[in-house]
Amino acid sequence: MNLWLVVILAGVLTFLIRLSFISLHANREIPPLAQRALGFVPPAVMSAIVFPELLVRNGQFAAGMDNPRLMAGAIAILVAWHFRKIIPTIVAGMAALWLLQHYGG
């Protein structure tokens, strides 16, 4: 089967699955407990993406001061907490990572 056909079929199938949930539940109200639970989804997903990148180095758990990703992440967290803006956070985190990797060995 052609690769593009598989990609298109997967996209259409994904769209139809999501559309079915929207169309079937469009007129229903979400219970308050579910609404509160949905508020935890973005931080949980972000944690699942970010923490392995910060805490795993060469396939091993690395939570020490010799982990430049963890140190740069800590700096980015401090900048985010202080400024509460995304661009300074990204710039500070990337600059810290580059400096720590370049000069830290």
Side-chain angles (χ1 to χ4, degrees):
M1 190 181 287
N2 188 351
L3 177 64
W4 286 108
L5 181 60
V6 171
V7 170
I8 291 170
L9 286 175
V12 169
L13 184 62
T14 300
F15 175 77
L16 290 175
I17 290 171
R18 292 179 184 194
L19 179 65
S20 69
F21 283 104
I22 293 170
S23 63
L24 289 175
H25 301 291
N27 296 332
R28 294 185 185 179
E29 192 169 318
I30 299 174
L33 180 62
Q35 285 182 343
R36 277 184 289 170
L38 286 173
F40 293 104
V41 171
V45 170
M46 190 65 160
S47 298
I49 294 170
V50 171
F51 285 136
E53 288 298 319
L54 294 179
L55 296 172
V56 177
R57 189 172 180 198
N58 299 324
Q60 300 292 322
F61 180 73
M65 297 292 284
D66 61 337
N67 183 350
R69 287 184 177 187
L70 183 59
M71 295 300 104
I75 291 168
I77 289 170
L78 290 174
V79 170
W81 179 59
H82 180 71
F83 291 104
R84 301 198 187 276
K85 295 190 182 297
I86 191 70
I87 298 299
T89 302
I90 292 171
V91 169
M94 292 303 296
L97 180 61
W98 183 80
L99 289 170
L100 287 166
Q101 284 179 337
H102 186 67
Y103 294 113

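Excluded from the calculations below are hydrogen atoms, water molecules and symmetry mates; all remaining heavy atoms, backbone and side chain alike, are included.
Cluster membership check: Phe61 shares its hydrophobic cluster with Leu70, using side-chain heavy-atom separations under 4.5 Å among Ile, Leu, Val, Met, Phe, Trp and Tyr. Val79 and Ile87 are members of different hydrophobic clusters when ILVMFWY side chains are connected at heavy-atom separations under 4.5 Å. Trp98 and Ile77 fall into different hydrophobic clusters, where Ile, Leu, Val, Met, Phe, Trp and Tyr side chains are chained together by heavy-atom contacts under 4.5 Å. Under the 4.5 Å side-chain contact rule for hydrophobic residues, Leu19 and Val12 share a cluster. Connection of Met65 to Leu54 is established within a shared hydrophobic cluster, with ILVMFWY side chains joined at heavy-atom distances below 4.5 Å, either directly or through further cluster members.
In this structure, CD on Glu53 lies 5.0 Å from CZ on Arg69, to the nearest 0.5 angstrom. The CZ atom of Phe21 sits 12.5 Å away from the CG atom of Leu16 when rounded to the nearest 0.5 Å. Put simply, NZ on Lys85 and CD1 on Ile90 are 13.5 Å apart, with the number rounded to the nearest 0.5 Å. If you take CG on Leu97 and NE2 on His102, they are separated by 12.5 Å, rounding to the nearest 0.5 Å.
Put simply, the side chain of Arg18 reaches to within 4.5 Å of the side chain of Thr14, judged on heavy atoms. Side-chain contact between Pro68 and Arg57 is present, with heavy atoms from C-beta onward closer than 4.5 Å. Here the side chains of Arg36 and Leu33 are in contact, with some heavy-atom distance below 4.5 Å.
Atom CD of Glu29 sits in a sparse spot, with 12 or fewer heavy atoms from other residues, nucleotides or ligands closer than 6.0 Å. The environment of Leu99 atom CG is dense: over 12 non-hydrogen atoms of other residues, nucleotides or ligands sit within 6.0 angstrom.
The two residues Ser20 and Ser23 make their nearest non-hydrogen contact at O-OG, 3.3 Å. Shown here for Ile49 and Pro52, the closest heavy-atom pair between the two residues is O-CD, 3.8 Å. Between Leu55 and Asn67, the shortest heavy-atom distance links the atoms CA-ND2, 4.3 Å. Across all their heavy atoms, Ala72 and Gly93 have their closest contact at CB-O, 3.7 Å. Across all non-hydrogen atoms, the minimal contact from Ile75 to Ala96 is CD1-CB, 3.7 Å.
Under a 3.5 Å cut-off, the side chain of Asn2 and the backbone N or O of Trp4 do form a donor-acceptor pair.
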